[in-house]
There are 2 protein chains.
Amino acid sequence: MAREATPGGLDLLVLHLLSEREMYGYEIVTELASRSNAVFQMKEGTLYPLLHRLEKEGAVTAYEEKKEGRTRRYYRITRKGRGRLAQQREEWREYAAAVNAVLCMPG
Amino acid sequence: MAREATPGGLDLLVLHLLSEREMYGYEIVTELASRSNAVFQMKEGTLYPLLHRLEKEGAVTAYEEKKEGRTRRYYRITRKGRGRLAQQREEWREYAAAVNAVLCMPG
DNA sequence: ATATGATACATCGTAATACAAGGTTTGTCA
DNA sequence: TGACAAACCTTGTATTACGATGTATCATAT
């Protein structure tokens, strides 16, 4: 299908969380689980490569900080990242509507 | 994430169409495009292997028929296929709700 | 008469994605 | 002290959808 349609795009979820506040990797995993009522149980082997990729692409920046005795790597969304987020949000909306249309399900 | 959650599952869309009536491959492609307002433009390189897999798994059966001068391979959903359809429909519903929950979007 | 494009099937190689499995360090609590 | 949670990471692997390409038949336009 249209590649952009792939809503497996975890980018969308991660970028959205970071658009609300800075977070570190492990926190993203737990936050996703809690907000989705445990539907999303993102694995670390999925998240960390994803964050590194987003950083390389300039959608997020990162810095390390020691907090509560732990060294954490915090991520902050960039202007570019916000642009992508808006676009992916729209793609998700379109995709979901299309699936529901095919299934004859109400939005 | 949860593997089952992957709504990239085109199986869902294809099985749903076949649950309404028998269809042949090429028809599925055009039907998906028309119902989704051209959001879904499934490629033949995607569909045919998918149908073969569904057949091997016993979710559909197939038979060839000459109609309108063309030899077509029609697919019919099986009981097993209907079971899977119901399950995937539920998974889609759950997945979409979870995404919307994370994004703070209304259903 | 012939060329083009739509119909209809198919396969093969490739890129992206998420995961499983494994590993390290530090802190907390029994 | 030992176990477990927090927090980061990498490598290999399976799945998925796609691009490219191929074949054959039929309709339509030139």
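Here is the naming used below: chain letters follow the sequence lines, and residue numbers restart at 1 for every chain. Every value quoted in this text rests on a predicted model; they were computed, and no experiment measured them.
Atom NZ of B/Lys67 and atom P of C/dT7 are 17 Å apart (whole Å). Taking atom OH of A/Tyr26 as the reference point, atom P of C/dT26 lies 17 Å away to the nearest angstrom. Distance NZ (A/Lys43) to C1' (C/dA18): 10 Å, rounded to an integer number of Å. Between A/Gln41 atom CD and C/dA20 atom P there is a gap of 10 Å when expressed in whole angstrom units. Atom CE in A/Met42 sits about 13 Å away from atom P in C/dT17, given to the nearest Å. Remark: C1' of C/dT26 and CD of A/Glu64 are 14 Å apart, rounded to the nearest angstrom. Look at CD1 on A/Ile28: it is 14 Å from P on C/dA18, rounded to the nearest Å. The NZ-C1' distance, from B/Lys56 to D/dT15, rounds to 13 Å in whole Å.
For C/dA10, neither phosphate oxygen OP1 nor OP2 lies less than 4.0 angstrom from any side-chain nitrogen or oxygen of B/Tyr48. OP1 or OP2 of D/dA7 has at least one side-chain nitrogen or oxygen of A/Tyr24 nearer than 4.0 Å. Applying the 4.0 Å criterion to OP1 and OP2 of C/dT11, one finds that B/His52 has a side-chain N or O inside that range.
Of the candidate nucleotides C/dA10, D/dC9, D/dA17, C/dA10 has the atom nearest to the side chain of B/Arg73.
Nucleotides of DNA chain C nearest to B/Pro49 and B/Arg70 differ in position, and the one nearer the 5' end is that of B/Arg70. Between B/Lys66 and A/Glu68, the residue whose closest nucleotide on DNA chain D is further toward the 5' end is A/Glu68.
The cationic group of B/Lys67 lies under 6.0 Å from the six-membered ring centre of B/Tyr74 and within 45° of the ring axis, placing it in a cation-pi geometry.
Nearest heavy-atom pair across A/Glu22 and A/Glu27 is O-OE1, 4.4 Å.
Base engagement by A/Gly45 is indicated by at least one non-hydrogen atom pair under 4.0 Å involving a base atom. Residue B/Glu44 is classed as a base contact, given a heavy-atom separation below 4.0 Å to a base.
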Salt bridge (charged side-chain N to carboxylate O under 4.0 Å, His left out) between A/Glu20 and A/Arg76: does it pass, once the steps are laid out? CA-CA 10 Å; A/Glu20 295 184 348; A/Arg76 170 183 298 173; over 6 Å; no
As a quick check of understanding, evaluate side-chain contact (heavy atoms from CB on, under 4.5 Å) for B/Leu54 and B/Tyr75, giving each step before the final call. CA-CA 10 Å; B/Leu54 287 180; B/Tyr75 290 88; over 6 Å; no
Decide yes or no on side-chain contact (heavy atoms from CB on, under 4.5 Å) for B/Leu85 and B/Leu18, but give the supporting numbers first. CA-CA 10 Å; B/Leu85 170 59; B/Leu18 294 179; over 6 Å; no
